[in-house]
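Quick notes on the structure that follows.
We're numbering straight along the sequence, starting at 1.
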Amino acid sequence: MTSAHAPTRRAVVAGMIGAGASLAMPTGAARAASGPPQFGTIRHQFTQVEGARPVPPVAIPALAGGAIDLTAFNGRMVLVNFWATWCAACRTELPMLDRLAASGRSDLVVVAVSTDRNRAPVASYVRQLKLRHLAIGFDPGGLVSRVDAAEVDTPFALYGMPISFLIGITGQVEGYMTGEADWLSTEAIALFDYYAGVR
């Protein structure tokens with residue numbers, strides 16, 4: 001016979017399960033310390049860069065004339081997408097990035113940099129896709145991007161095509177995502193919020 005004050009076996013087991021569950025679920029502070037929220041596709045995940053590198057002060061020729069200086073956006077996040085006209089996944093992703101650029105998020109700048117060698121097809125490609133809000137850069141000679149580490153010292157290594165790099169508000173490359181991604185998804189918004197300090 002059990003006492004009215006002694007815990008039952010069921011209560012002890014339930015308490016142990018509850019304690020184990022609370023240990024398995026990190027608190028908000030622990031969650032923030034563990035890194036950015038997950039964002040990706042079936043094939044690719046956003047990869048956080050350890051020892052984030054500052055963006056070099058290089059003027060990227062703009063398709064419309066002038067230049068794009070990635071260091072001029074300090075205090076805002078910059079999503080830099082490298083693409084090419086021959087890339088099928090880029091054709092799907094660029095209109096999405098254009099909508100992201102038009103979304104009105106004041107703490108985010110979206111820049112799409114073509115790696116094509118010839119400027120002429122890039123201009124017609126941009127018109128064909130009706131890209132009106134993206135800042136379009138042109139980097140045929142690898143001013144800021146590289147395929148081989150020996151070519152140029154830059155934090156923008158082309159591990160795939162397309163590839164997007166997220167520059168944080170401090171002007172450092174925080175991470176990258178290879179392949180086409182849904183930059184308008186709730187997961188992407190959570191990623192931007194994390195790097196904007198909204199957590």
**Q.** Intermediate values then yes/no, side chain to side chain contact (heavy atoms under 4.5 Å, CB included), Phe73 and Leu108
**A.** CA-CA 9 Å; Phe73 303 111; Leu108 177 67; over 6 Å; no
Could you list the donor-acceptor pairs under 3.5 angstrom formed between side-chain atoms of residues 76-87 and any protein atom two or more places apart in sequence or on another chain?
{"residue": "Asn81", "atom": "ND2", "partner": "Glu93", "partner atom": "OE1", "Å": "3.1"}
{"residue": "Asn81", "atom": "ND2", "partner": "Ser164", "partner atom": "OG", "Å": "2.8"}
{"residue": "Thr85", "atom": "OG1", "partner": "Asp116", "partner atom": "OD1", "Å": "2.6"}

Report yes or no: do [X] and [Y] belong to one cluster of Ile/Leu/Val/Met/Phe/Trp/Tyr joined by side chain heavy-atom distances under 4.5 Å?
| X | Y | answer |
| --- | --- | --- |
| Val58 | Leu70 | yes |
| Met161 | Val113 | yes |
| Leu158 | Val173 | yes |

Of the non-hydrogen atoms in [X] and [Y], which two are nearest, and what is the gap between them?
| X | Y | answer |
| --- | --- | --- |
| Ala123 | Leu63 | CA-CD2, 4.0 Å |
| Ala89 | Pro162 | CB-CD, 3.7 Å |
| Val49 | Gly175 | CG2-CA, 3.6 Å |

Q) Would you say Phe138 and Ile68 make side-chain contact, with heavy atoms under 4.5 Å? A) no
Working to the nearest 0.5 Å, report the span between [atom1] of [X] and [atom2] of [Y].
| X | Y | atom1 | atom2 | result |
| --- | --- | --- | --- | --- |
| Tyr195 | Ile169 | OH | CD1 | 11.5 Å |
| Ser114 | Leu94 | OG | CG | 9.0 Å |
| Ile60 | Phe156 | CD1 | CZ | 7.0 Å |
| Leu97 | Glu180 | CG | CD | 10.0 Å |
| Leu166 | Thr47 | CG | OG1 | 12.0 Å |
| Trp183 | Arg99 | CH2 | CZ | 14.5 Å |

Q.
Can you tell whether the side chains of Asp193 and Arg105 come within less than 4.0 Å, N to carboxylate O?
A. yes
Q) Is the distance between the ring centroids of Tyr176 and Tyr159 less than 6.0 Å? A) yes
**Q.** Steps toward side chain to side chain contact (heavy atoms under 4.5 Å, CB included) verdict (Asp182, Met96)
**A.** CA-CA 7 Å; Asp182 184 357; Met96 194 178 315; 3.3 Å; yes
Contacts table for residues 124-134: side-chain donor-acceptor under 3.5 angstrom, sequence neighbours left out:
{"residue": "Ser124", "atom": "OG", "partner": "Pro121", "partner atom": "O", "Å": "3.1"}
{"residue": "Gln128", "atom": "OE1", "partner": "Arg91", "partner atom": "NH2", "Å": "3.4"}

